[in-house]
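Note sheet for the following structure.
The shown structure was predicted, so the numbers you read here are calculated from the model rather than taken from an experiment. All heavy atoms count here, side chains included; hydrogens, waters and symmetry mates do not.
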Amino acid sequence: MCVSFDLSLRLEDDLRDPSVGALPPGSSPRSWDLVAEALSLDQHLIRLEFNLADLLDHQQIVARLLETSDNDGILDTIEDNTNPNRDTDGDGVPYHFDRDSDGDGNPDTREGHPLILAHDANLDGEVEDAGGVGTNGFLDVLETVADNGVAVYNFDGGLAGTVVNTDRAQNPDFQDLDSDDDGIADTDEVANATDADNDAILDANTTDADGDGLPDSVDRDHDGPNSTINADPGAGTSVTLTNSDGDATPDVTDLDSDNDGVPDMWESGVPNVVDSNFDGYLDGADTDNDGLRDVVDGDDANFGSPGTALPDPVDTGGGMAGADFRVLDSDGGPLDRLDYGLPSGAGSIDADGNGRIDSVADADGDGVVDTADRKSIGPGTFFGFPEMVDPDNDGISNKIDIDDDNDGLRDVDEDGGNVNRDSDGDGIVDRMDLDSDGDGIPDVTEGGLSVAVQAANDTDGDGDLDTPVGANGLADAVELTPGNLNYTISDRDSLGRPDFQDRDTDSDGITDTVEASGTDVNGDGVQDGAQTDSDRDGLIDTLDRSHDGPNSTVAANPGAGTPLTVPDTDGDTIRDWRDLDSDNDGLTDVTEAVGTDANGDGILDGAGTDGDGDGLADSVDGAPRATPSRLRPDPSRRVSPSPPPESCPGFRTRKAPMGSSLKSLTPEEPSPRAPSA
């Protein structure tokens with residue numbers, strides 16, 4: 001039987017079988033196998049499937065190959081997703097006949113799966129192999145057994161036949177205009193893909209002489225169904241996959257195309273970036289299901305962005321070196337790693353300081369090298385960046401956020417000119433660490449805010465402020481004028497180290513951890529016990545009430561921790577870790593802890609001698625001394641405090657003498673005496 005068709009067949013009267021009769025709507029379809037001899041795609045077996053009741057009503061059926069009508073190696077069932085007329089790129093060629101289903105210029109064979117691409121040597125969008133196809137039209141070498149219709153390929157350990165879906169969103173890559181969901185259209189992450197109107201679809205995508213769905217400009221071999229009736233326009237030039245960092249992942253599916261540790265989505269220039277789980281993929285809806293998130297899509301009703309141009313990726317240098325996401329120094333100033341607050345140089349993953357992460361090993365193939373990837377990945381597991389450029393998730397990248405961890409302290413105050421500063425050595429730099437000195441007291445508590453302001457703005461007590469921030473990332477509640485704090489950072493002992501980086505804030509020889517009700521048997525100023533920090537916010541799990549840091553979405557929530565109570569034993573509004581006489585009994589804490597205080601000022605003698613710069617005097621620090629003398633309050637030396645009469649104005653002078661030159665005082669907490677020279 002000779003059948004002539006375009007993409008659908010209109011049944012002739014003599015093909016009807018009157019003996020069958022009309023079936024009621026919803027009944028099972030009937031199928032006939034016909035050999036296509038005229039205008040067929042590949043001279044393969046054709047199956048005509050239709051419901052007779054619908055057929056008698058519409059007199060139209062759809063012709064399709066049993067498995068892969070366009071011979072692109074992707075099963076028709078995957079391509080049409082139950083709709084045989086699906087044509088989302090609007091080129092007039094339904095998916096199962098379309099060798100470039102999303103119209104981005106990249107053939108489906110390349111975007112489908114590496115095992116498919118291995119059989120398309122000339123990149124014309126059609127698989128070839130000497131073994132050929134069997135009776136089902138599917139390339140035999142792509143089947144587990146010839147003619148069984150079960151594909152040998154799968155994506156990340158998924159079901160047989162599943163194709164690559166880099167961003168794990170609705171569409172696989174061959175139907176996705178932004179395959180890696182970084183906010184940059186695929187046409188902008190490859191070469192030779194002309195998209196002058198910036199609609200994310202290749203220009204002239206309907207200029208397709210052979211009718212195979214692959215536009216002439218990128219079609220190397222015009223051998224589609226219309227090749228015998230249209231003039232051959234000459235070989236096109238295939239889209240070239242760029243690879244800016246030279247790793248194994250091309251830019252179009254690489255979350256960090258230049259391997260600088262800054263996700264492409266942040267370097268793309270996408271406005272209002274939201275990446276709540278820190279995986280490097282843009283969050284948000286994709287209303288028209290074209291792979292472009294609504295935040296970047298100019299047209300949320302149609303495939304691509306017809307009539308509304310998408311912005312080009314940001315090129316800060318104006319063509320100096322290329323789009324920001326492809327270069328290590330986009331503005332001719334500091335390297336992008338430094339611009340975004342990521343460490344570079346000795347001790348970092350960019351040890352040579354050239355702005356690119358040294359290693360290129362990438363086990364999961366997401367473009368984020370293993371040393372910068374959130375965790376070791378197995379098949380089907382999500383990825384992400386531990387060196388986050390927005391760790392406080394306020395929607396403002398570190399590049400312009402002046403308070404990266406939202407603890408109410410500016411980054412310049414926390415890093416002191418060294419972006420790699422990590423006071424407690426926990427692997428989290430201070431400007432992203434909610435407890436910079438590791439003493440168990442959050443920086444927001446030690447920074448200098450009054451108790452009332454802290455309580456009003458850190459309502460859940462987890463160490464980061466909950467209240468709104470402005471465009472610079474600093475909480476409005478702590479801002480006097482743009483970029484300037486409305487309080488003075490506290491340096492309780494006036495030794496030049498702020499309290500939040502000082503493990504003995506009042507220099508009485510007793511660690512802040514002990515005075516804040518913690519346990520510190522070894523006297524290192526760090527809370528004893530497991531130092532597990534599941535969400536990587538710098539505050540250990542046992543003390544962290546709310547595990548909402550950068551790793552919160554990939555680590556199991558250990559349950560709310562219990563913060564240290566930071567007591568005020570004598571009720572004088574000065575909490576013990578800042579109080580030289582915590583119980584107000586007239587004996588200084590250093591005396592009660594049997595420390596040396598020859599001049600009786602309440603400050604440990606030699607407090608300014610601190611070899612490792614952690615705020616603990618060498619004489620009591622376990623780090624620089626083999627046999628440290630770790631001070632503890634001695635209850636046997638305490639006496640019951642007697643409140644002084646109101647007529648005794650000199651009572652507090654030894655704790656807060658006139659003329660004290662402390663840099664910061666909270667309204668509730670007067671200054672101790674500065675240590676003697």
Side-chain angles (χ1 to χ4, degrees), residues 5 7-8 29 31 33-34 36 40-50 61-89 91 93-104 106-120 123-129 131-176 179 211-214 224-225 289 291 379-380:
F5 63 91
L7 298 177
S8 62
S31 300
D33 289 346
L34 307 172
S40 68
L41 286 178
D42 297 292
Q43 300 296 322
H44 294 321
L45 192 66
I46 300 293
R47 171 173 289 167
L48 305 179
E49 296 184 352
F50 53 88
I61 56 178
V62 174
R64 56 184 297 192
L65 285 173
L66 285 179
E67 302 293 351
T68 173
S69 303
D70 52 4
N71 204 29
D72 64 356
I74 303 175
L75 298 170
D76 287 354
T77 53
I78 294 174
E79 294 193 278
D80 63 31
N81 194 23
T82 74
N83 176 13
N85 294 318
R86 191 178 186 189
D87 176 24
T88 53
D89 64 359
D91 63 357
V93 183
Y95 270 137
H96 53 270
F97 294 138
D98 196 330
R99 291 175 181 166
D100 178 18
S101 298
D102 56 4
D104 62 0
N106 239 341
D108 293 351
T109 50
R110 175 185 266 169
E111 294 192 284
H113 198 281
L115 292 178
I116 298 174
L117 180 60
H119 298 281
D120 182 17
L123 286 177
D124 67 347
E126 179 183 9
V127 294
E128 306 97 2
D129 190 88
V133 299
T135 58
N136 64 1
F138 193 39
L139 195 67
D140 289 343
V141 295
L142 292 179
E143 294 177 290
T144 55
V145 176
D147 288 338
N148 71 349
V150 180
V152 296
Y153 55 79
N154 62 68
F155 175 56
D156 270 1
L159 298 175
T162 52
V163 291
V164 174
N165 187 353
T166 299
D167 56 15
R168 269 80 171 180
Q170 298 105 310
N171 292 339
D173 288 3
F174 78 94
Q175 295 170 334
D176 191 327
S179 296
D212 65 353
L214 194 60
N289 198 29

Tell me, do [X] and [Y] make a side-chain contact under 4.5 Å, heavy atoms counted?
X: Phe155; Y: Val163; answer: no
X: Ile116; Y: Asp72; answer: no
X: Leu159; Y: Asn154; answer: no
X: Pro225; Y: Asp70; answer: no

Task: Donor-acceptor contact present, side-chain Tyr153 to main-chain Gly112, <3.5 Å - done: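 No.
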
- [ ] For Asp100 and Gly213, indicate whether the former's side chain and the latter's backbone hold a donor-acceptor pair under 3.5 Å.
- [x]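 No: the side chain of Asp100 does not pair with the backbone of Gly213.
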
Nearest heavy-atom neighbours spanning [X] and [Y]:
X: Asn148; Y: Val150; answer: OD1-N, 3.0 Å
X: Ala151; Y: Gly161; answer: CB-CA, 3.6 Å
X: Gln175; Y: Ser101; answer: CG-CB, 4.2 Å
X: Leu123; Y: Leu117; answer: CD2-CD1, 3.6 Å
X: Asp102; Y: Asp173; answer: OD2-O, 3.2 Å
X: Arg86; Y: Glu79; answer: NH1-O, 3.7 Å

Task: Salt-bridge present (Asp212, Arg99; N to O < 4.0 Å) - done: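 Yes.
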
Task: The single option from Leu142, Thr109, Asp108, Val127 passing side chain to side chain contact (heavy atoms under 4.5 Å, CB included) against Ile74 - done: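 Checked Leu142, Thr109, Asp108, Val127 against Ile74; only one passes side chain to side chain contact (heavy atoms under 4.5 Å, CB included): Asp108.
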
- [ ] Supply the atom-to-atom distance Asp176 CG to Asp104 CG, rounded to the nearest 0.5 angstrom.
- [x]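 The CG atom of Asp176 sits 9.0 Å away from the CG atom of Asp104.
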
Task: Partner set under side chain to side chain contact (heavy atoms under 4.5 Å, CB included) for Val141, not counting sequence neighbours - done: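 His119, Asp129, Leu139.
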
Open item on the list: Run the side-chain contact (heavy atoms from CB on, under 4.5 Å) test on His113 and Phe174 for me, step by step, so that the C-alpha distance in whole Å, both residues' side-chain angles and the decisive distance to 0.1 Å come before the verdict.
Closed with: CA-CA 9 Å; His113 198 281; Phe174 78 94; over 6 Å; no

TODO: Show the numbers, then the answer: is there a side-chain contact (heavy atoms from CB on, under 4.5 Å) between Asn171 and Asn165?
DONE: CA-CA 7 Å; Asn171 292 339; Asn165 187 353; 6.0 Å; no

